[in-house]
Amino acid sequence: MKTASAPLARRLENVEDQFVELWNNMASLWGISPTMARIHGLLYICGAALSMDDIMARLAISRGNVSMNLSKLVEWGLVRRIHKRGDRKEYFESLSDVWEMFTLVANQRKRREIDPILNTLRRCRDELTPESIGGQALKEPARKRFERINELLKLLTLFDGLSQRFFESHKGLKEAVEMLTSEE
């Protein structure tokens with residue numbers, strides 16, 4: 001029986017390693033550090049609560065680095081702290097629902113990337129209004145720039161509104177995607 005479990009344990013570890021490396025490579029797409037992605041990847045693929053020591057040993061990462069990145073993952077809502085009765089260590093586990101994880105990551109990306117773009121576009125547009133520059137707003141160079149900025153702002157605001165509706169909950173996003181991909 002041990003012979004069957006030993007190859008399985010090695011195979012599982014190999015799959016975990018490949019998955020963690022995939023998460024590492026996807027880090028830049030998510031807008032997070034590779035270490036943060038590797039820790040999350042390990043917690044997700046294991047499907048079990050791991051201590052900081054477990055994570056350090058498995059990924060060969062320093063305590064400070066693990067601690068800092070776990071704090072960020074908890075802050076994002078992708079990982080939660082778990083306390084085991086009779087054990088003083090803190091354990092961490094990943095969300096298991098992929099739709100919920102995607103929604104949380106998308107919301108963080110929106111907050112950090114899309115919202116600042118919208119704010120800057122609004123400021124640029126507002127600087128070209130008659131309230132801001134008076135009659136010069138009617139002159140062609142100002143008017144054309146205002147129109148271009150305003151059209152882009154309208155489009156991005158529309159997408160922002162749609163994304164907010166989709167990302168209100170991970171269930172809403174899943175239902176919307178399933179509806180759009182159904183073959184009825």
Side-chain angles (χ1 to χ4, degrees), residues 1-120 156 159-160 162-164 166-178 181:
M1 193 71 167
K2 283 186 177 181
T3 39
S5 65
L8 177 61
R10 278 194 297 271
R11 184 174 296 233
L12 290 175
E13 187 171 329
N14 183 38
V15 167
E16 288 171 2
D17 289 344
Q18 290 178 54
F19 188 86
V20 168
E21 188 58 30
L22 169 68
W23 240 231
N24 178 66
N25 294 338
M26 289 175 36
S28 64
L29 298 174
W30 284 18
I32 63 173
S33 76
T35 302
M36 188 172 163
R38 291 180 71 222
I39 291 169
H40 181 257
L42 177 64
L43 291 170
Y44 176 77
I45 194 65
C46 286
L50 300 177
S51 70
M52 197 179 302
D53 292 335
D54 297 333
I55 296 166
M56 289 168 43
R58 183 69 171 82
L59 299 178
I61 301 172
S62 72
R63 179 173 299 280
N65 208 354
V66 170
S67 176
M68 178 181 65
N69 284 287
L70 280 171
S71 294
K72 288 179 187 175
L73 287 164
V74 168
E75 182 182 308
W76 278 40
L78 292 169
V79 168
R80 58 183 154 246
R81 286 180 169 84
I82 303 295
H83 297 281
K84 294 184 178 182
R85 186 176 281 209
D87 192 340
R88 294 177 59 162
K89 288 183 185 177
E90 260 187 345
Y91 289 82
F92 300 86
E93 70 178 3
S94 171
L95 295 177
S96 60
D97 185 320
V98 293
W99 289 97
E100 187 174 3
M101 284 189 316
F102 176 80
T103 301
L104 289 169
V105 169
N107 276 324
Q108 287 291 333
R109 298 283 313 258
K110 177 197 168 317
R111 182 183 62 77
R112 289 189 344 223
E113 296 169 25
I114 304 302
D115 291 351
I117 290 170
L118 290 171
N119 291 333
T120 300
L156 292 178
F159 284 132
D160 183 50
L162 282 172
S163 72
Q164 287 198 6
F166 283 139
F167 298 144
E168 283 175 355
S169 84
H170 61 282
K171 292 176 182 157
L173 175 62
K174 183 178 180 183
E175 290 169 5
V177 169
E178 287 172 348
T181 58

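Keep in mind that what you see is a predicted model, and the values were worked out from it rather than measured. Numbers here simply count residues along the sequence, with the first being 1.
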(Q) Does any part of the side chain of Gln164, heavy atoms only, come nearer than 4.5 Å to the side chain of Asp160, both counted from C-beta? (A) yes

Q.
Is the shortest side-chain heavy-atom distance between Ile55 and Leu70 below 4.5 Å?
A. yes

Q.
Donor-acceptor pair, distance only, cut-off 3.5 Å: does the side chain of Asn119 make one with the backbone of Asp115?
A. yes

For the atom pair [atom1] ([X]) and [atom2] ([Y]), what is the distance rounded to the nearest 0.5 Å?
X	Y	atom1	atom2	value
Met52	Asn69	CE	CG	10.5 Å
Phe159	Ile114	CZ	CD1	10.5 Å
Met68	Leu73	CE	CG	10.5 Å
Asn65	Met56	CG	CE	10.5 Å

Let me have the donor-acceptor pairs involving side chains of residues 35-47, under 3.5 Å, with sequence neighbours excluded, atom names and distances please.
from	atom 1	to	atom 2	distance (Å)
His40	ND1	Trp23	NE1	2.8
His40	NE2	Ser94	OG	3.1

Q. Looking at Leu95 and Gly77, what are the two nearest heavy atoms and their distance?
A. CD1-O, 3.2 Å

Q: Given side-chain contact (heavy atoms from CB on, under 4.5 Å), test Arg81 with Phe92 step by step and report yes or no.
A: CA-CA 5 Å; Arg81 286 180 169 84; Phe92 300 86; 3.4 Å; yes

If you look only at distance, which donor and acceptor atoms sit under 3.5 Å apart when one is on a side chain in residues 98-106 and the other is two or more places apart or in another chain?
from	atom 1	to	atom 2	distance (Å)
Thr103	OG1	Trp99	O	2.8

Q: State whether the number of non-hydrogen atoms from other residues, nucleotides or ligands found under 6.0 Å of Arg11 atom CZ is greater than 12.
A: no

Q.
Show every side-chain hydrogen bond (donor to acceptor under 3.5 Å, both in side chains) that has at least one partner inside residues 49-59, sequence neighbours left out.
A. Glu16-Arg58, Asp17-Arg58, Ser51-Asp54, Asp53-Arg63

